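Numbering of residues begins at 1 and proceeds along the displayed sequence. Every heavy atom of this structure was used, including side-chain atoms; hydrogens, water molecules and symmetry mates were not. Since the structure is predicted, the reported quantities are computational estimates derived from the model, not experimental observations.
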Amino acid sequence: MSEERRSPSGLPIEECYGSEAPGVYPFTRGIHPTMYRGRLWTMRQYAGFGTAQETNRRFRDLLEAGQTGLSVAFDLPTQMGYDSDAPVAEGEVGRAGVAIDTVDDLAVLFEGIPLDRVSTSMTINSTAAILLAMYIVVAEEQGVKREQLRGTVQNDVLKEYIARGTYIYPVEASLRLVTDIFRFVVDEGMNFNPISVSGYHMREAGATAVQEVAFTLADALEYLDRAVAAGVDVEQIAPRMSFFFAAHNDLFEEVAKFRAARRMWAALVRDRYGAGDASCRLRFHTQTGGSTLTAQQPLNNVVRVAVQALAAALGGTQSLHTNSFDEALALPSPEAARLALRTQQILAHESGTAQTVDPLGGSHYVEHLTDELERAARDLLDEIAELGGAARAVERGFMQDAIARSAYQYQREVEAGRAVVVGVNRFTEEGEPPRIAEPDYSALAARQVTRVRGAREARDHAAVRAALEALARAARGADPLMASIIAAVRARATVGEISDTLREAWGSFRPPA
């Protein structure tokens, strides 16, 4: 029996209202019967910049401020498989996230943070297998077993071809890596989620809410099909899949989007695979919309983030990152990052949002939007199925073209003033956006370059060479790859060296003309 809850005026609050129950198929109202009355969403603030030392300090600050999970942002060279001293990495080291070249960098990133007591999300895709291998080796060297690790590796490479561009290998080779991570995590009995299928980046690129749901679920079905074809039991892998959505400004459409996505995924997995309830639950992380932040009147972003975070909570998210108001100008300041976390804490503990399950369930408007969003998203899913699935649709540029058209249409609406952006095309003020001091990236990059070159000098060169040769043989054949990647990581091979070994075996992706 759940505890009695009352409003500030002393009015009794039921656990749930309405005839449709949460926590049961098709999970429209949430994947747990009591939702936040039983456990709040995880407050997982995304962080990463410069070197591992700087990011470690930010992680410690966030944990001390009450954050309940870590989320790592990696810089572009790390995401694209280049070392910090590669010519192509110049000017990008440590800018979009933390620079990681060797397993020792990752060890510094988590120094003083026991990996058996923290849940870690790593936003990494093309090099996901390498970073997961590094995380496993760091844990081993901390004395933490693989099965004790908790967290998620994003590992969603299809959306890289669609929206972000940090792909490396041809589509089929990339999907082999994704599937190999699935198989490894299951075989090793790990609690780590092997994928977070991301609609967020497609939404940030200009997708509508309908497209975000349809394209995300299409990608997820492709991954699940590949895993099952590789011999992984759907009941072992589907419950381990997580999702990652954006929360934008239209409160009610965003809530409806989350509800529709849950209902659609449940039906798709049950109809396609005959899976049980545990495999049909759509668990998701949410991040507020980075593309909605404005450099003009940046304090307005505090309100935008609060509305978006409220949508995520009302929509039943399992974890949440709230953007800092100054991110349109520079890396978040410590004060802005703390305020972003406090936004979540106020919603959780002061707003009443967590008092009952699915508070907007039964609203005529929200239920209508949920139904209509599902209908439109299913139409798009049918189109993708006719093309042969998500991988074939990506190769033909179907999702890319659709998102580009939506982004163009929205920009025209903003420029015409039909879509109001407060402080940008209405209620504007004179003057330039405030300037925020940035870190000395040149100095950070120089330190990281020195570090990776020193690491190469200090290691056992014969061991590295043997490990990379073994990885090359596995890549050219059909053997699983994770064991070879872990061995290369343990020998102190770099992210760039491991990625180059796979580039030589598989080649690189060329976008459709």
Side-chain angles (χ1 to χ4, degrees), residues 48 51-52 72 74-94 96-109 122 124-141 153 155 157 160 166-170 173-174 176-178 180-181 184 444-477 479-509:
T51 64
V72 187
F74 297 95
D75 72 355
L76 285 175
T78 305
Q79 293 181 50
M80 299 190 73
Y82 295 108
D83 290 334
S84 295
D85 61 346
V88 73
E90 187 173 352
E92 292 294 344
V93 175
V98 61
I100 299 293
D101 292 305
T102 71
V103 67
D104 295 316
D105 290 331
L106 204 71
V108 171
L109 181 66
M122 295 189 287
I124 196 75
N125 298 282
S126 296
T127 54
I130 304 171
L131 271 298
L132 177 58
M134 287 183 171
Y135 196 76
I136 289 167
V137 172
V138 170
E140 287 175 356
E141 294 177 358
V153 62
N155 193 30
V157 74
E160 297 298 318
T166 64
Y167 46 74
I168 301 175
Y169 316 111
S174 293
R176 178 184 170 187
L177 270 176
V178 170
D180 201 64
I181 292 173
F184 175 83
L444 291 172
R447 289 201 296 273
Q448 187 63 21
V449 166
T450 299
R451 182 175 173 83
V452 68
R453 289 176 177 169
R456 288 200 200 99
E457 288 297 318
R459 66 195 183 178
D460 182 333
H461 299 287
V464 174
R465 184 167 55 252
L468 293 176
E469 287 171 355
L471 174 60
R473 288 192 297 273
R476 292 191 179 98
D479 290 342
L481 298 167
M482 277 302 297
S484 297
I485 294 172
I486 290 171
V489 162
R490 195 178 283 120
R492 269 47 187 179
T494 67
V495 168
E497 289 167 337
I498 296 171
S499 300
D500 285 345
T501 300
L502 298 178
R503 280 189 185 94
E504 290 170 11
W506 297 335
S508 300
F509 177 74

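Listed by chain and number, the residues in a salt bridge (charged side-chain N to carboxylate O under 4.0 Å, His left out) with Arg453 are Asp85 (sequence neighbours excluded). By the salt bridge (charged side-chain N to carboxylate O under 4.0 Å, His left out) test, Arg503 pairs with Asp500, sequence neighbours left out. Here Ala475 pairs with Leu481, Leu502, Ala505, Trp506 under the side chain to side chain contact (heavy atoms under 4.5 Å, CB included) rule; sequence neighbours left out. Legend: residues meeting side chain to side chain contact (heavy atoms under 4.5 Å, CB included) with Thr494, ordered by chain and number and at least two apart, are Asp83, Thr102, Val452, Arg456, Arg459, Glu497. Every residue two or more places apart in sequence or in another chain was checked for a salt bridge (charged side-chain N to carboxylate O under 4.0 Å, His left out) with Glu504, and none qualifies. Taking Ala472 as the reference, Arg476, Thr501 meet the side chain to side chain contact (heavy atoms under 4.5 Å, CB included) condition, with sequence neighbours excluded. For Glu160, the salt bridge (charged side-chain N to carboxylate O under 4.0 Å, His left out) partners two or more places apart in sequence, or in a different chain, are Arg164. Every residue meeting the side chain to side chain contact (heavy atoms under 4.5 Å, CB included) condition with Ala445, not counting sequence neighbours, appears here in chain and number order: Val93. For Asp105, the side chain to side chain donor-acceptor pair (under 3.5 Å) partners at least two apart in sequence or on another chain are Gln448, Arg451.
Within the structure, ring pair (Phe, Tyr, Trp, His ring centres under 6.0 Å) contacts touching residues 444-465 (residues at least two apart or in different chains) do not occur. Residues in residues 131-140 take part in these side-chain hydrogen bond (donor to acceptor under 3.5 Å, both in side chains) pairs, two or more places apart or across chains: Thr120-Tyr135, Glu140-Arg146, Glu140-Arg490.
You'll find the side chain of Arg473 stays beyond 4.5 Å of the side chain of Asp479, heavy atoms only. Residues Leu177 and Tyr169 are in side-chain contact: their nearest non-hydrogen atoms beyond the backbone lie under 4.5 Å apart. The shortest side-chain heavy-atom distance between Leu131 and Thr78 falls under the 4.5 Å cut-off.
For the atom pair CZ of Arg176 and CD1 of Ile181, the computed distance is 12.5 Å after rounding to the nearest 0.5 Å.
Of all the heavy atoms in Gly81 and Val495, the pair that sits closest is CA-CG1, 4.0 Å.
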